[in-house]
Amino acid sequence: MGFLDTLFGRTKPVQPKLDDLFGLPSAAVQLEASTGFKPTGSGSVSFRAPEGKPFADIQKEVLELLDMDSGKPGGGLPVEVTKDTYGYTWLVSNHMSDEVDALVTDLHAVNSALVDGGFGPQLLCTLVSFSDDSHRRLSLVYLYKRGTFYPFAPLSGNNRDNALELQVKGILGEDLRIEQDLTRWFPVWGAPGL
Amino acid sequence: MATQTRYAPDRGLSVRMTATMFLLGLVFVVFVGLIIGIMSAAGQSLGAIIVVALIFGGGSAFASLFFSDKIALAAAGAREVSPREAPELHGIVDRLCALADMDKPRVAIAPARMPNAFATGRNSKNSVLCVTEGLLYNSGLTQEELEGVLAHELSHVAHKDVQVMTYASLLAIVAGLLVRFAFYSEIFGGGRRGGNNSQAALLIPLIMLASAVIYAVSFLLIRLLSRYRELAADRSGALLTQNPSALISALTKVSQGMNRIPTQDLRAAEPLNAFYFAPAMKLTGGGGGLSAVFSTHPTLEKRIEQLTKIQRELGQAGADPRGIR
């Protein structure tokens with residue numbers, strides 16, 4: 001925040017950075033080669049829906065945008081819309097596990113539609129899920145406002161596999177911009193699409 | 001347009017805040033001028049008093065700024081909680097911080113039954129956000145309303161309100177100390193004064209008078225500034241959660257809850273009053289003009305009026321044909 005903003009007690013809305021998302025497909029290849037974690041093909045976008053009616057229009061538009069090519073072979077499957085206990089809306093896109101490119105394109109389309117509608121500052125995070133042969137789960141969480149990723153590995157009973165998370169941080173350090181401030185690696189327990 | 005936003009700046013609030021700060025600055029300049037004038041007229045002995053007041057006042061102000069988080073936590077008897085102890089509270093704060101792209105403050109819970117919250121700390125790295133047990137368990141707040149309260153407090157952190165208010169109060173602290181020092185030196189130093197120092201005997205009451213006036217004026221301006229900062233935090237908080245309605249109902253519920261709590265609890269909370277979400281201490285006397293001037297927080301009606309305006313703006317921004325492709 002600038003000096004004048006502090007003086008006047010203003011907060012400037014923070015616009016999201018979208019482009020770093022396209023680093024995901026190559027990172028997924030790297031992740032599978034090093035740890036055996038494969039994409040599950042599901043990814044989700046989380047954002048804050050403002051109160052009032054106009055948002056329903058945006059939501060409908062986003063859904064149409066995503067479902068448009070679901071009829072064609074190789075197209076995306078229908079997207080689910082859910083609301084989590086914290087009041088954030090999640091759009092979950094499901095693809096086949098080898099379609100990371102298509103998944104990322106879909107997620108980017110959702111983001112762009114929301115940003116064009118003026119809802120950029122309300123985007124919270126994007127989540128892409130991975131799992132390995134022993135059914136361990138891992139997600140890469142993309143923080144829009146920072147343009148960075150962090151790994152989130154949930155274990156049972158609201159525990160996190162910190163060792164795995166730090167391992168992933170080391171592996172993907174060259175492919176993705178990893179969030180260096182560990183206090184920002186907030187847990188997304190029970191996030192849709194996890 | 002990719003850069004389009006739904007946020008409209010509130011020019012009126014900025015202008016009023018600038019005017020208040022300008023007046024505070026003006027008072028400061030007058031005060032410094034006065035001190036220099038008096039010092040050159042009276043020489044060393046009086047000058048020493050003023051320098052001591054400046055050092056004491058400035059020192060205590062900066063100490064309170066530097067340790068504000070620890071002092072406030074200790075005063076409220078609050079305890080820092082880990083994400084494991086209060087997962088839901090941390091979850092809300094985590095998400096709001098990610099939305100606003102700010103450092104996450106530490107989170108603490110105070111054992112008071114009064115429903116309230118405060119945030120303090122000299123910068124975002126060293127700040128702490130504290131809620132009372134009353135707010136979490138007894139206030140009947142929904143999660144959305146709790147989030148509104150937390151967003152208001154996070155906005156205080158983002159606006160660096162503790163720093164701003166400390167700098168603003170610096171002058172009042174020094175002036176207040178000068179009144180006291182001058183008063184003591186009048187009482188205890190009177191006998192030792194020689195004949196050639198009669199000029200100083202005249203000047204000490206003068207300093208007392210000037211300091212008292214400056215203390216009163218800057219006190220009122222600081223309270224005015226504090227009310228504007230509250231409105232600004234309400235506004236930023238509502239825009240962050242995109243949910244002004246929840247903040248309105250939280251304000252209403254917390255203010256009502258406040259009236260039900262016995263007075264003793266409220267008195268214990270007085271030193272922290274300026275940092276609270278809603279004022280714990282209400283000045284007695286029918287809510288008329290005078291209590292509004294002395295209050296650290298704007299009236300409930302004024303806060304709700306502003307939030308209702310934001311409610312309408314959020315609705316209109318979406319209805320604007322340019323808003324949606």
Side-chain angles (χ1 to χ4, degrees), chain A residues 1 3-18 46-58 60-61 84-88 112-113 115-125 141 143-147 150 158-160 179 181 183-190, chain B residues 1-7 9-10 13-14 17-18 21 83-84 87-88 90-95 97-104 143-144 147 155-156 158-161 163-164 228-229 231-233 235-237 239-246 311 314-315 317-320 322-325:
Chain A
M1 279 215 326
F3 174 70
L4 280 182
D5 290 332
T6 306
L7 209 58
F8 295 140
R10 295 185 297 211
T11 19
K12 285 225 180 74
V14 191
Q15 290 296 339
K17 304 180 178 77
L18 301 181
S46 149
F47 58 96
R48 192 44 186 265
E51 60 173 56
K53 189 184 165 288
F55 181 72
D57 303 341
I58 288 280
K60 225 165 73 191
E61 187 185 315
D84 72 1
T85 52
Y86 290 100
Y88 291 82
S112 310
V115 170
D116 287 348
F119 294 104
Q122 273 89 267
L123 286 171
L124 179 68
C125 64
V141 184
L143 293 170
Y144 290 107
K145 309 298 163 63
R146 313 272 293 168
Y150 68 85
N158 281 12
N159 287 306
R160 293 174 75 165
E179 177 58 55
D181 181 357
T183 60
R184 296 195 189 236
W185 292 20
F186 65 88
V188 280
W189 307 114
Chain B
M1 283 271 292
T3 52
Q4 185 201 338
T5 75
R6 305 167 66 85
Y7 296 74
D10 186 347
L13 190 62
S14 297
M17 222 184 284
T18 316
M21 288 192 226
R84 190 166 287 276
E88 193 181 289
H90 271 274
I92 298 174
V93 176
D94 275 332
R95 283 161 179 74
C97 289
L99 267 186
D101 190 22
M102 61 186 284
D103 293 314
K104 185 184 172 191
Q143 187 161 16
E144 275 190 339
E147 183 189 54
S155 300
H156 275 310
H159 297 164
K160 300 193 175 73
D161 277 350
Q163 267 192 49
V164 170
Y228 289 150
R229 305 299 288 190
L231 284 179
R235 184 185 167 75
S236 299
L239 288 175
L240 182 62
T241 60
Q242 294 285 300
N243 201 342
S245 310
Q311 239 174 1
L314 282 183
D320 185 352
R322 284 169 301 142
I324 303 166
R325 286 182 301 139

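Chain naming here is simple, since letters A, B, ... match the order of the sequence lines and numbering starts at 1 in each. What you see is a predicted model; the values in this text were computed from it and never measured.
In this structure, no portion of B/Pro83 lies under 4.5 Å from any heavy atom of chain A. Using a 4.5 Å cut-off between heavy atoms, A/Pro187 contacts chain B through both its backbone and its side chain. Residue B/Ala233 does not touch chain A at all, counting heavy-atom pairs closer than 4.5 Å. With a 4.5 angstrom heavy-atom cutoff, B/Met21 touches chain A only via side-chain atoms. Of the atoms belonging to A/Tyr88, it is side-chain heavy atoms, and not backbone ones, that fall under 4.5 Å from chain B. Only the side chain of B/Arg229 comes within contact range of chain A, with heavy atoms under 4.5 Å apart. Using a 4.5 Å cut-off between heavy atoms, B/Glu147 touches chain A through its side chain atoms alone.
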Practice problem: Go through the steps for A/Thr85 and B/Glu88 under the test side chain to side chain contact (heavy atoms under 4.5 Å, CB included), then give the verdict. | Solution: CA-CA 10 Å; A/Thr85 52; B/Glu88 193 181 289; over 6 Å; no

Exercise. Applying side chain to side chain contact (heavy atoms under 4.5 Å, CB included), run through B/Leu239 and A/Gln122 and close with a yes or a no.
Key: CA-CA 10 Å; B/Leu239 288 175; A/Gln122 273 89 267; over 6 Å; no

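B/Asp94 meets the salt bridge (Lys or Arg N to Asp or Glu O under 4.0 Å) test with B/Lys104; sequence neighbours excluded. Under the salt bridge (Lys or Arg N to Asp or Glu O under 4.0 Å) criterion, A/Lys17 pairs with no residue at all, not counting sequence neighbours.
When each of B/Leu231, B/Thr241, B/Val164 is checked for heavy-atom pairs under 4.5 Å with chain A, B/Thr241 comes out on top. No other option in B/Met17, B/Glu144, B/Arg95 has as many heavy-atom pairs under 4.5 Å with chain A as B/Arg95. Chain B forms the most heavy-atom pairs under 4.5 Å with one residue out of A/Leu143, A/Asn159, A/Thr183, and that residue is A/Asn159.
Within the 4.5 Å cutoff, side-chain heavy atoms of B/Asp103 are placed close to those of A/Asp181.
In this structure, CG on B/Leu99 lies 4.5 Å from NZ on A/Lys145, to the nearest 0.5 angstrom. Atom CG in B/Asp101 sits 5.0 Å away from atom CZ in A/Arg184 (nearest 0.5 Å).
When all heavy atoms of A/Arg48 and B/Asn243 are compared, the closest pair comes out as NH2-ND2, 4.5 Å. Minimum interatomic distance between B/Ala98 and A/Phe186 (heavy atoms only, all atoms of both residues): CB-CE2, 3.5 Å.
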